[in-house]
Amino acid sequence: MRLLQHYQRLSQAFPAHDGPARLADIAAALHCSPRHARELMQSMAENGWLQWQPGLGRGHASRLRLLAPAGQLETDAVRGHLADGDIEKAMRLLPAAARRQVADLLPAYLGLPPAEPQTLRLPFYRPLHSLDPVRINRRTECHLIRQIFDGLTRYDRGEEKIVPALAHHWSHDGDWRNWRFHLRPGVAFHHGRTLDGEDVRQTLLRLRDKAGPHQELLSHLENVALPAPLTVDIRLARPDALLPRRLADSAASILPRDCWTRADFGRFPIGTGAFKLEANNDYRATLRAFDRHWKERPLLDTVDIWVVDDPDVRARLDARFCHPDEPSSQPSLRQLEAGCSYLAANPARLDATQRQALADWLHPAIWQAAQPDEAALGMLPQWRHRPLPAQAPPPRLPATLRLATYQLPAHIELAEAVARRLRDAGCRIELTVMPYPDFARYDWLDDADLLLTGEVMADDVDFGVYQWLCQDAGYRHWLEEGTRQKIRLTERRLAMEPDAERRWQGYEALARELVEEASLIPLRHHVQTMEFAPQLRGVTLAQCGWMDFGKAWLAPPL
């Protein structure tokens, strides 16, 4: 590839050249010494790219004839790298013009059978953000974190309960404040080192101390001690019956203490999970089965997630996410998400009366947006917390409101529909669409009046709803102090409640109050749809809408 780059420089300096050329000028074009230039010219001639006859004696010019169009060589190089599956090298070494060719060549490459029969290929609409568990809370990244990492505990969707993971046993005192976890022996990280208690201790303290979207998860952690190398004692500042659920959250994934300080850890994380991350760039993320996983090796060899939005390309892959109204010719799975997209208003800009009028104006029985999916009458599909208003006159709103959302197609589409609806009430919307990392910092709140965001539960819906209501969801930034205090008291009471049914009663009561006072305005429950090829077996959807990679496999063609 470096030789190709030198040829590109030569072609730019001597376009379509066939005639005399001084060695000094060639060396200047190649940014090297005359001696090195002679070696490079000889190598290019051996490749058949040019003819070069060195000048004999001082003052005699060499003769140079360029034979190969540089653009064709670039295309050939791109094709070669794609055929080898080495898109990263092409992106790193080729100039910008050649990089654009990758987008044109990618469909043909994705139409070829993969080198390994157990390779699952999926399309996605954007590159992945950080996969450092403490830094990200998007559903896709959280799902992949669960493939790359393990926690002390995990939620088993089939059994609907918390089960052992890196900890094979745990116990607590009668006050739910002091816990002891016993680690599995011989658990390997992807880079080869064996897990020990110090990895667990430092991971949990980092989660508590590092600012980020999950810092509240273990804010009540007082101390982590290691009475033995594979024994971890956790002391809490207050009782918490939900600690095993907290430790199953993707944010509490256990990290190797010698790796997370690396600058590239978010892009190339190392865990103990069933898959290790092999590639992650703007075009592809590749997960490879980890043969030494403590539980079992996945049936798949690799999972390739390609950043591609072309419908024809997406249809050639093994599975794809579909629009709910899109006709499907392949087997497919559909489920209604546990969660919703919702609107929240800045109380410094809209008072309680205006917020309630806005919620009534956007009630689905009155406003039937031309949107797919299902209208939301509560934060979860089974909740009906938005009664039909007796009347819904246009709300008295400021002439202009600033609405912020992030780069998710469903949210952009919904935000535009909200803008049209509010225009009917005489209010003009200034819509700002941010990349998600910028949106998630929430440093723009003082410059916005409305936010449109959403929450989708992970498999442990019980704990997911607890987090949504009681921890760092988007709407909480704009709660009035009385509501904040009520949530703080409810959070501690629910954390001390070991009975799931009683917790759910508490969840629903708090959710009803938040919706009825228009602290948040539910809009849509989205339908998650995945279409997949008939040879793909063992397909199950996680609550977040992604496939469980650990259960999938590809049947050979008959």
Side-chain angles (χ1 to χ4, degrees), residues 133-134 137 142 151-156 160-165 167 170-181 200 203-225 232-253 338-339 379-380 383 455 457-477 479 481-514 519-520 543:
V134 304
N137 61 352
C142 288
L152 293 179
T153 62
R154 67 181 180 89
Y155 181 79
D156 188 297
E160 297 183 343
K161 66 178 184 180
I162 297 293
V163 298
W170 59 87
S171 58
H172 62 84
D173 63 6
D175 293 331
W176 306 95
R177 286 188 57 190
N178 294 288
W179 295 74
R180 173 164 288 184
F181 291 83
V200 175
T203 295
L204 299 183
L205 293 176
R206 177 181 187 245
L207 176 57
R208 180 196 66 182
D209 298 337
K210 190 171 184 63
H214 304 288
Q215 194 172 15
E216 289 187 45
L217 188 68
L218 288 181
S219 61
H220 57 325
L221 176 63
E222 276 193 348
N223 188 46
V224 183
V232 179
D233 284 352
I234 295 176
R235 186 172 74 245
L236 305 176
R238 59 180 183 271
D240 185 7
L242 298 180
L243 182 63
R245 292 182 180 270
R246 294 179 193 272
L247 297 177
D249 189 87
S250 62
S253 299
M379 294 168 70
L380 295 179
W383 287 342
E455 298 289 336
M457 304 300 100
D459 284 347
D460 186 1
V461 178
D462 182 329
F463 186 65
V465 175
Y466 169 84
Q467 289 181 293
W468 189 7
L469 291 169
C470 300
Q471 294 188 350
D472 195 26
Y475 72 92
R476 293 194 62 195
H477 296 277
L479 291 178
E481 185 52 38
T483 303
R484 288 179 184 273
Q485 180 63 21
K486 187 178 302 180
I487 288 178
R488 282 193 289 267
L489 295 174
T490 302
E491 174 188 6
R492 298 193 177 189
R493 176 174 57 83
L494 293 175
M496 291 188 291
E497 178 54 69
D499 184 79
E501 185 174 346
R502 291 196 184 97
R503 282 200 305 272
W504 271 99
Q505 292 171 357
Y507 298 156
E508 182 166 9
L510 180 56
R512 181 184 295 277
E513 191 165 344
L514 290 171
S519 290
L520 61 79
Q543 283 287 357

task = Could you please spell out the steps behind the side-chain hydrogen bond (donor to acceptor under 3.5 Å, both in side chains) verdict for D462 and Y507?
result = CA-CA 9 Å; D462 182 329; Y507 298 156; 2.7 Å; yes

Within this structure, what is the [atom1]-[atom2] distance for the pair [X] and [Y], rounded to the nearest 0.5 Å?
{"X": "L489", "Y": "R484", "atom1": "CG", "atom2": "CZ", "answer": "14.0 Å"}
{"X": "H214", "Y": "S250", "atom1": "NE2", "atom2": "OG", "answer": "5.5 Å"}
{"X": "R476", "Y": "C470", "atom1": "CZ", "atom2": "SG", "answer": "7.0 Å"}
{"X": "R235", "Y": "L221", "atom1": "CZ", "atom2": "CG", "answer": "9.0 Å"}
{"X": "L218", "Y": "L243", "atom1": "CG", "atom2": "CG", "answer": "7.0 Å"}
{"X": "L204", "Y": "L152", "atom1": "CG", "atom2": "CG", "answer": "6.0 Å"}

For [X] and [Y], indicate whether the former's side chain and the latter's backbone hold a donor-acceptor pair under 3.5 Å.
{"X": "S253", "Y": "G151", "result": "no"}
{"X": "D175", "Y": "R177", "result": "no"}
{"X": "T153", "Y": "I162", "result": "no"}
{"X": "N178", "Y": "D173", "result": "no"}
{"X": "T483", "Y": "L479", "result": "no"}

Taking the side chain as C-beta and beyond, is there a heavy-atom pair between [X] and [Y] under 4.5 Å?
{"X": "M457", "Y": "V465", "value": "yes"}
{"X": "L469", "Y": "L514", "value": "yes"}
{"X": "F181", "Y": "L247", "value": "yes"}
{"X": "V232", "Y": "R180", "value": "no"}
{"X": "Q215", "Y": "L207", "value": "no"}
{"X": "L242", "Y": "Y466", "value": "yes"}
{"X": "W468", "Y": "Y475", "value": "yes"}

Which donor-acceptor pairs under 3.5 Å do the side chains of residues 491-499 make with protein atoms, sequence neighbours left out?
| unit_1 | atom_1 | unit_2 | atom_2 | d |
| --- | --- | --- | --- | --- |
| E497 | OE2 | D499 | N | 2.9 |
| D499 | OD2 | E501 | N | 3.2 |
| D499 | OD2 | R502 | N | 2.9 |

task = List the atom of V134, the atom of A251, and the distance in Å for their closest heavy-atom pair.
result =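 For V134 versus A251, the nearest heavy atoms are CG1-O, 4.2 Å.
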
request  = Determine the minimum heavy-atom distance between Q543 and A338, stating which atoms define it.
outcome  = OE1-CB, 3.8 Å

message = Applying side chain to side chain donor-acceptor pair (under 3.5 Å), can you list everything that pairs with D460, at least two apart in sequence or on another chain?
response = R245

inquiry  = Within the supplied structure, the quantity of interest is the number of heavy atoms (other residues, nucleotides, ligands) at a distance under 6.0 Å from E160 CD; does it exceed 12?
reply    =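 No, because the 6.0 Å sphere around CD of E160 holds 12 heavy atoms or fewer from other groups.
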
request  = Look at the rings of W179 and H172 and say which category their plane angle falls in: under 30° parallel, 30 to 60° tilted, over 60° perpendicular.
outcome  =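 Tilted, since the angle between the ring planes falls between 30° and 60°.
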
request  = Using the side-chain hydrogen bond (donor to acceptor under 3.5 Å, both in side chains) rule, take D240 and H220 through it: C-alpha gap first, then chi angles, then the decisive distance, then the call.
outcome  = CA-CA 9 Å; D240 185 7; H220 57 325; 2.8 Å; yes

key: Full working for side chain to side chain contact (heavy atoms under 4.5 Å, CB included) between I234 and W170   = CA-CA 11 Å; I234 295 176; W170 59 87; over 6 Å; no

inquiry  = Taking salt bridge (Lys or Arg N to Asp or Glu O under 4.0 Å) as the cut-off, I'd like each qualifying pair that reaches into residues 205-215, sequence neighbours left out, listed once.
reply    =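 Salt bridge (Lys or Arg N to Asp or Glu O under 4.0 Å) check on residues 205-215 returns D132-R206.
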
